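From a predicted model like this one, the values you see are computed outputs, not experimental measurements. Position 1 is the first residue of the sequence, and the numbers go up from there.
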Amino acid sequence: MDNWDEIRTAFQVARMGTVSGAADVLGVHHATVIRHIDALEGRLGVKLFQRHARGYTATEAGQDLLRVAQATDDQFSQLAGRIKGRGNDVSGELVVTSLISIAPRMAPLLAEFQRGHPDVVVRYLTGARLFRLEYGEAHVAIRAGTVPDQPDNVVQPFHEQKMGLYASRGYIETHGRPDGVDSFGRHRFVAQDADDSRAPFERWLRQNAPASALTFRSTDTRAMEAAIKAGAGIGFMPVYDAEQDENLVEVHPREDGWAGPLWLVTHVDLHRTTKVQAFLTFLKEQSRDWKV
């Protein structure tokens, strides 16, 4: 692990997916790229890539190594910029992760940030799993729920995401409108397909609606929202998103306990880098008037 050139070569092969693409980025001959990959795999005793007709795909071991390489490459780039007096440059990959539920609001902000910094390549990763910042899986994570407590992370409060209980007008025409929690057993609900969901509103639903009423379940919030809009049942949606759709009706008084705080999370090693600070400053400024 003492040859950064070989690790950097592997990093670029993973990014580009081909030896020729990595060679172009690095400004070396393709034979040099192959030699570096072979030498690194030989020294580690594992295969970092699967070779196929279309190029190279990182194995699980390769992905672990390359996540560290991503973070290290970022730090080297920032150091080089400061040494050369270019500390204000914002370029390279910016990896941001969040729950899919706030993607409709985040994607336009990321696009706007990129317009101001055209040398930035945005990678926006959404999903329920926690991307590991300590392994360079993301520069900035927007997380919901209790305050994140992973070691070596910098955590800042961001916003509060308000949730409401909604049904489509078509559902109400067919099934009527619920009259308090006592009537939930006579209705149909869209819910997470996980009884141990950490979301406070999902826990509330399971406490107040019988299991037999949870008739449409999914692991994907996009599928759940589509089902609510299609009239499959009553379900929770972010208030901001639901208020954009005239077909949706809020069917139960909103409760404070449903809302969840959002947090900005960065790793201490990258928190002070120019790119991360530029994005955090931009995000806080542009989202100041959010009504989540």
Side-chain angles (χ1 to χ4, degrees), residues 94-114 122-132 137-146 148 158-172 174-175 178 184 187-206 209 211 213-252 254-255 258-265 283 286-287 290-292:
L94 172 67
V95 187
V96 180
T97 176
S98 80
L99 293 174
I100 189 64
S101 60
I102 66 169
R105 314 195 74 179
M106 282 300 303
L109 289 181
L110 288 165
E112 180 65 26
F113 181 75
Q114 195 172 41
V122 170
R123 293 180 59 214
Y124 183 35
L125 312 178
T126 58
R129 84 172 181 88
L130 296 180
F131 291 87
R132 298 178 296 176
E137 289 190 335
H139 295 96
V140 179
I142 302 172
R143 294 180 177 165
T146 56
F158 184 39
H159 276 284
E160 186 175 67
Q161 187 174 41
K162 295 180 180 178
M163 303 295 293
L165 196 57
Y166 293 91
S168 70
R169 296 187 186 278
Y171 174 90
I172 294 173
T174 302
H175 301 281
F184 280 8
H187 284 274
R188 304 171 70 85
F189 289 86
V190 176
Q192 279 278 350
D193 191 36
D195 292 332
D196 59 349
S197 172
R198 296 176 299 170
F201 52 88
E202 284 289 338
R203 292 199 300 266
W204 181 92
L205 181 59
R206 277 167 168 74
L214 308 181
T215 55
F216 191 108
R217 306 184 190 189
S218 177
T219 57
D220 191 315
T221 56
R222 291 167 295 186
M224 293 169 61
E225 292 181 9
I228 296 168
K229 293 178 180 181
I234 301 167
F236 280 99
M237 287 184 59
V239 171
Y240 175 84
D241 295 334
E243 288 181 344
Q244 311 305 308
D245 191 330
E246 295 181 353
N247 184 51
L248 294 175
V249 178
E250 195 165 11
V251 298
H252 191 279
R254 208 174 299 162
E255 298 192 11
W258 297 346
L262 298 176
W263 308 92
L264 292 175
V265 187
L283 184 58
Q286 296 297 314
S287 64
W290 274 17
K291 296 178 180 178
V292 254

What heavy-atom pair brings Thr221 and Ser101 nearest, and what distance separates the two atoms?
OG1-N, 4.3 Å
Please find the pair of heavy atoms, one from Arg222 and one from Ile100, that lie closest to each other, and give the distance.
CD-CG1, 3.4 Å
So, for Ala167 and Ile228, which heavy atoms are closest and what is the spacing to 0.1 Å?
CA-CG2, 4.5 Å
Do the charged groups of Arg206 and Glu202 touch, with an N to O distance under 4.0 Å?
yes
For a 4.5 angstrom cut-off between non-hydrogen side-chain atoms, does Leu283 reach Val96?
no
Side chain to side chain, Met163 and Trp204, heavy atoms closer than 4.5 Å:
no
Please work out whether the ring planes of Trp258 and Phe236 are parallel, tilted or perpendicular, with thresholds of 30° and 60°.
perpendicular
Just wondering, do Ile234 and Leu165 contact through their side chains at under 4.5 Å, heavy atoms?
yes
Give me the atom names and distance for the closest heavy-atom approach of Val265 to Pro148.
CG2-CG, 3.7 Å
Quick one: closest heavy-atom pair of Ala211 and Arg217, and the distance?
O-NH2, 3.3 Å
Gap between atom CZ of Arg123 and atom CG of Leu110 - 0.5 Å precision:
13.0 Å
Could you report the tightest heavy-atom contact between Pro200 and Ala259, atom names first, then the distance?
CG-O, 4.0 Å
With a 4.5 Å cut-off on side-chain heavy atoms, are Asp245 and Tyr166 touching?
no
